[in-house]
> 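The structure that follows is given in the form of structure tokens.
Both counts, for ligands and for their atoms, begin at 1 and track the order of listing.
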Amino acid sequence: MTLDNIIEEIKKAEKIVILTHETPDGDAIGSSLAMRVALKQLGKNPDVIIKEVPKIFDFLPGREEIKENSDIEKYDLAISLDCADFKRLVGNEYFENAKQTIVIDHHGSNKMYGDINFINPVSPACCQILIGMFQYFNINIDKELGTCILTGIITDTGGFRYSGVTPETFEFTADLLQKGVNVSDIYKRVLDTKTKSNFELMKRTIDRMEFLQDGKVTFTYITNKDLEEVNAGIGDHEGLVEIGRDIEGVEVSVFIRQREDDENLYKVSMRSNDYVNVSDVCLMFSGGGHEKAAGAIVQGDIEQVKQKVMNELEKVLCQ
Ligand code: AMP
Ligand code: MN
Ligand code: MN
């Protein structure tokens, strides 16, 4: 039984590190900090290593404990959360060197790169997987822990809107409300607050949006020049891919963003509404994700990347 193996490894380990994916979102940061609180209850003192935490998550309990690096060379245990792929894991050198490794995730495209892999692709957030796990470990889900978990659930479900939400999602939220967690405050902080730079990027994104494939696809982009001009900070591109998806008649929305480290690479983000599995499309570019939200890195200039992506989308839209 995997849950028993996980608790056994946690109990055995002295030095534990918690890791997650690059460009971390609410689920990545929420699940990492939730795991930290839970392990502290079990008498451990884990390190959480995350780079580039967006400012909107500064309110999370334990935020100030997040490290960018560590001087420990060999952890007894490394736990990866919300990350499908070893390549995207920030601090994967700690993972590689650790004596034992555990991967906990909800991506269908997870590559099972741990010694123990606990993957539930029908869970709407990695944070929701943690609820059942912590209950099994007899951990008390208090206000602090609940705030971290709820942040991941709210961000990954777009505020309880996406099809992956389950009765458990609402039961858990109701239970936290009863415990005094300010659900509407978390919601406002992580979903309803835009930075000025994000708003400026949104204007450009909308202005450039093209409708392709009979209006079934939207395409738009952001370059490094844009990011510089609007003085964009970490995470200011979040949410831009959702704009196209919400327009009537659109099945797939495509948003590409130039990579800061290489101007000939673009981070492609895709969202779909009903029938296109964008994770499969992104797999063609060695990316992945979920059926209705996925990403990949593609080489070329804007026009070339657009062509490559549209060629793949054309195949699935014609079926
Ligand atoms: P994003 O468009 O960056 O919000 O990502 C949407 C989903 O796709 C997330 O669940 C990511 O984990 C996944 N994803 C994004 N980029 C990649 C990539 N380069 N490789 C694999 N999965 C990705
Ligand atoms: Mn994530
Ligand atoms: Mn997630």
> Can you tell me the angle formed at the Mn ion (ligand 3) by OD2 of D156 and NE2 of H106, to 10°?
90°
> Would you say that F57 contacts L33 through its side chain, given a criterion of any heavy-atom pair below 4.5 Å between the two side chains?
no
> For Y75 and Y94, take the angle between the two ring planes, folded into 0 to 90°, and tell me which bin it lands in: parallel under 30, tilted 30 to 60, perpendicular over 60.
perpendicular
> Report the member of E238, R271, K267 with the shortest heavy-atom distance to atom 16 (N) of ligand 1.
K267
> Is there at least one pair of N or O atoms, one from M270 and one from ligand 1, spaced under 3.5 Å apart?
no
> Below 2.8 Å, any N, O or S contact between H21 and the Mn ion (ligand 2)?
yes
> Against heavy atoms of A293, which atoms of ligand 1 measure under 4.0 Å?
6 (C), 7 (C), 8 (O)
> Of P121, C282, S279, which meets side chain to side chain contact (heavy atoms under 4.5 Å, CB included) against S109?
S279
> Under the side chain to side chain donor-acceptor pair (under 3.5 Å) criterion, do D156 and Y162 qualify, and how do the steps go?
CA-CA 8 Å; D156 261 27; Y162 299 156; over 6 Å; no
> Out of G288, G289, G287, A294, who is nearest to atom 23 (C) of ligand 1 when you count heavy atoms only?
G288
> Compute the angle centred on the Mn ion (ligand 2) spanning OD1 of D25 and OD2 of D82, and express it rounded to 10 degrees.
90°
> Run the numbers for me: atoms of ligand 1, each under 4.0 Å from some heavy atom of S269, listed by number.
1 (P), 2 (O), 3 (O)
> Does any N or O of ligand 1 fall below 3.5 Å from an N or O anywhere on S286, backbone included?
no
> Given that the side chain starts at C-beta and the backbone is N, CA, C, O, which of these parts of H107 lies under 4.0 Å from ligand 1, counting heavy atoms, or is it both or neither?
side chain
> Between K87 and ligand 1, find which residue part has any heavy-atom pair under 4.0 Å and reply side chain, backbone, both or neither.
neither
> State the atoms of ligand 1, each with its element, that fall below the 4.0 Å cut-off from a heavy-atom position in H290.
10 (O)
> Going through the distances and angles, do Y266 and Y221 end up as a ring pair (Phe, Tyr, Trp, His ring centres under 6.0 Å)?
CA-CA 9 Å; Y266 279 81; Y221 65 90; 7.9 Å; no
> Backbone or side chain, does any N or O of D85 fall under 3.5 Å from an N or O of ligand 1?
no
> I'd like the atom name of the N/O/S atom in D27 lying closest to the Mn ion (ligand 3).
OD2
